[in-house]
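So the structure is just underneath, and the comments pick up after that.
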There are 2 protein chains.
Amino acid sequence: MSDRSPSDEESGASTPATPSSREKILDTAEALFARSGFSGVGMRTVSEQVGLGKSSLFYHFSSKVKLYCAVLERALEDFVARLDEARVQDMPPVERLHTWVDGVVTALAEHPSWARLLLRSLFEEDIADEHDQQRIDTLFESIVSRLSRALEEGIRSGEIRPVSIPHTIQTLIGMTLFHFASGDLGEDLLGESVFEPKQIQLRREHIRHYLDHVLRTSPRT
Amino acid sequence: MSDRSPSDEESGASTPATPSSREKILDTAEALFARSGFSGVGMRTVSEQVGLGKSSLFYHFSSKVKLYCAVLERALEDFVARLDEARVQDMPPVERLHTWVDGVVTALAEHPSWARLLLRSLFEEDIADEHDQQRIDTLFESIVSRLSRALEEGIRSGEIRPVSIPHTIQTLIGMTLFHFASGDLGEDLLGESVFEPKQIQLRREHIRHYLDHVLRTSPRT
DNA sequence: GTCTATACACCGATAGAC
DNA sequence: GTCTATCGGTGTATAGAC
């Protein structure tokens with residue numbers, strides 16, 4: 001999603017002290033798209049919350065769809081980068097999954113918009129043009145393939161039960177994305193926000209429990 | 001959602017041979033809202049797909065919001081009714097959960113719109129008026145409380161591990177709703193639609209496996 | 001880069017004929 | 001019950017001044 005890079009001010013610098021308009025727009029749009037979905041957000045609302053005129057948005061992003069894609073790709077890239085940060089290559093499969101789950105939970109907890117944004121993006125259809133959609137699909141695919149490889153490896157070595165890999169991946173996504181996207185329902189259930197530190201930790205342990213008891217062939221108590 | 005019941009033709013009769021306009025509208029709107037969400041669907045699209053003029057919809061439902069609520073309530077009521085069909089009261093907790101999961105998977109498989117419709121409704125906010133929202137909340141609550149009671153009972157009797165009840169419910173919802181709502185992602189993973197009979201059965205077994213290995217204190221192989 | 005003004009399609013909803 | 005016609009508002013997007 002290189003929709004235009006006006007002035008290209010900070011080459012490679014991370015989090016400049018004064019965020020550019022482009023970044024302010026992305027941050028605002030991310031929160032709004034996560035809360036209300038693509039068609040539930042108007043450019044007017046975005047512009048008002050950013051503090052710019054409506055038409056100024058079109059200087060930075062040529063259309064609403066392009067803005068949406070930019071938001072989604074930025075989040076997905078950050079997300080994937082975090083997964084790769086963890087030095088994980090030489091861990092045994094289940095330990096690798098543990099590390100990933102920890103990282104994913106941390107990421108979703110630090111960016112409360114991500115879970116809803118990513119979940120919604122799986123339901124949204126035919127918004128992006130072919131090119132943008134392919135970039136997005138590739139990012140999702142890179143997440144799935146990492147999981148897939150770890151499971152496959154573990155099953156081959158006997159560390160993991162011979163479960164259905166796709167169904168297990170679906171479950172893992174549901175356990176993480178859905179939980180942090182569940183909003184009011186989750187809050188009603190837990191008695192407090194899913195983003196409370198205590199609940200975040202509980203979620204981590206809950207998923208760990210799943211990994212150890214459903215997947216592992218020799219469960220540890 | 002009693003927005004009006006013109007003529008009230010078939011009192012209590014189930015699935016009349018010739019569906020009323022009201023029912024055709026509900027069916028069409030259900031599919032559309034599930035696919036594109038509340039703000040992604042216009043009354044124009046609904047009316048065209050039903051085969052009526054746009055303004056005829058407003059004879060049957062006083063507003064778009066009321067139509068949405070009617071769709072959601074109808075689905076939720078059907079859903080809850082199916083859960084209650086199963087004679088389940090005197091089963092031990094884990095067996096009761098098994099039976100429910102079977103029923104839920106069957107229901108979601110028979111009504112491909114439901115998973116997305118219900119999942120989306122958890123993200124949609126402040127659409128219905130206070131009265132309608134309360135009806136919807138009550139229906140969700142009745143599902144959650146059934147699950148909650150079964151888990152609590154099982155933990156008390158020692159049949160189920162002392163897991164976090166809210167987190168377990170979240171996981172169960174994620175495993176069912178998310179899976180059948182996942183659309184293209186699920187299809188890419190499985191290699192075929194999540195609604196293929198073979199995949200439906202696999203899903204049932206996958207959740208059963210979870211119930212037996214994560215929840216049960218003495219897992220059966 | 002940001003603004004004002006504007007084009008034009010579509011939205012939800014209503015009025016009134018049949 | 002369904003239609004046509006129409007209202008006011010909002011949607012995305014563009015033109016052009018500064």
Side-chain angles (χ1 to χ4, degrees), chain A residues 1-10 16 18-29 32-33 35-72 124 126-129 132, chain B residues 1-10 16 18-30 32-33 35-72 124-129 132:
Chain A
M1 259 310 314
S2 56
D3 196 61
R4 217 173 311 185
S5 293
S7 77
D8 218 68
E9 16 181 274
E10 311 254 349
T18 311
S20 65
S21 279
R22 194 168 201 276
E23 278 157 343
K24 275 193 282 190
I25 296 170
L26 285 170
D27 290 342
T28 306
L32 287 170
F33 282 136
R35 198 189 318 150
S36 313
F38 177 76
S39 38
V41 180
M43 295 297 262
R44 191 196 172 213
T45 316
V46 178
S47 74
E48 276 170 2
Q49 212 155 109
V50 174
L52 285 178
K54 194 177 37 156
S55 51
S56 299
L57 300 186
F58 290 94
Y59 172 80
H60 297 279
F61 301 93
S62 60
S63 74
K64 185 188 171 186
V65 172
K66 288 287 186 186
L67 170 57
Y68 173 78
C69 289
V71 166
L72 189 53
E124 228 71 80
D126 302 337
I127 289 185
D129 62 42
D132 288 334
Chain B
M1 257 315 311
S2 57
D3 196 61
R4 217 175 310 187
S5 294
S7 79
D8 219 69
E9 16 181 275
E10 310 255 350
T18 311
S20 65
S21 280
R22 193 168 202 275
E23 278 157 344
K24 274 192 283 189
I25 296 170
L26 284 170
D27 290 342
T28 306
E30 180 177 285
L32 287 169
F33 283 137
R35 195 184 325 145
S36 312
F38 177 77
S39 37
V41 180
M43 295 297 264
R44 191 197 173 213
T45 315
V46 179
S47 73
E48 277 170 1
Q49 211 153 109
V50 174
L52 286 178
K54 189 175 49 151
S55 52
S56 299
L57 300 186
F58 289 94
Y59 172 80
H60 298 279
F61 302 92
S62 60
S63 71
K64 184 187 172 187
V65 172
K66 288 286 185 188
L67 170 58
Y68 174 79
C69 290
V71 166
L72 189 53
E124 229 70 80
E125 70 240 82
D126 302 337
I127 288 184
D129 62 43
D132 288 334

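All figures in this text were calculated on a predicted structure; none of them were measured in a lab. Convention: sequence-line order gives letters A, B, ...; per-chain numbering from 1. Heavy-atom basis, side chains included; hydrogens, waters and symmetry copies ignored.
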Worksheet item: Using a cut-off of 4.0 Å on non-hydrogen atoms, how would the nucleic acid contact of A:Val41 be classed: base, sugar-phosphate, or nothing?
Response: sugar-phosphate
Item to complete: Could you list the residues that satisfy salt bridge (Lys or Arg N to Asp or Glu O under 4.0 Å) with B:Glu48, not counting sequence neighbours?
Response: B:Arg44
Item to complete: Over 60° means perpendicular and under 30° means parallel, so classify the ring planes of B:Tyr68 and B:Phe38, tilted if in between.
Response: perpendicular
Worksheet item: Quick one: A:Leu52 CG to C:dT2 P, roughly how many Å, whole number?
Response: 5 Å
Enumerate all atom pairs, one protein N or O and one N or O from nucleotides 13-17 of chain D, separated by less than 3.5 Å.
from: D:dA13; atom 1: OP2; to: A:Lys64; atom 2: N; distance (Å): 2.7
from: D:dA13; atom 1: N6; to: A:Lys54; atom 2: NZ; distance (Å): 3.4

Worksheet entry | Whole-Å gap separating C1' (C:dC11) and CG (B:Leu32) | 16 Å
Worksheet item: Which residue pairs pass the salt bridge (Lys or Arg N to Asp or Glu O under 4.0 Å) test when at least one of the two sits in residues 49-59 of chain A, sequence neighbours left out?
Response: none
Discussion item. Does a side-chain N or O of A:Ser56 approach OP1 or OP2 of C:dC3 to a distance below 4.0 Å, or not?
Written reply: yes
Worksheet item: Between B:Tyr59 (OH) and D:dG1 (P), how many Å, whole number?
Response: 4 Å
Practice prompt. Could you tell me the separation between the CZ atom of A:Phe38 and the P atom of D:dT12, rounded to a whole number of Å?
Written response: 8 Å
Discussion item. Please report the distance, rounded to the nearest Å, between CZ in B:Phe61 and C1' in C:dG12.
Written reply: 16 Å
Worksheet entry | With B:Val71, the side chain to side chain contact (heavy atoms under 4.5 Å, CB included) member among B:Thr28, B:Ile25, B:Leu32, B:Leu26 | B:Leu26
Worksheet item: How many Å lie between CD on B:Glu48 and P on D:dC3, as a whole number?
Response: 12 Å
Practice prompt. To the nearest Å, give me how far apart OH (A:Tyr68) and C1' (D:dT12) are.
Written response: 17 Å
Item to complete: Please assess B:Phe58 against B:Lys64 for the test side-chain contact (heavy atoms from CB on, under 4.5 Å), listing each intermediate value before the final yes or no.
Response: CA-CA 8 Å; B:Phe58 289 94; B:Lys64 184 187 172 187; 5.6 Å; no
Worksheet item: A:Met43 versus A:Leu67: any side-chain heavy-atom pair under 4.5 Å?
Response: yes
Discussion item. Rounded to whole Å, how long is the line connecting atom CD1 of B:Ile127 with atom C1' of C:dG12?
Written reply: 14 Å
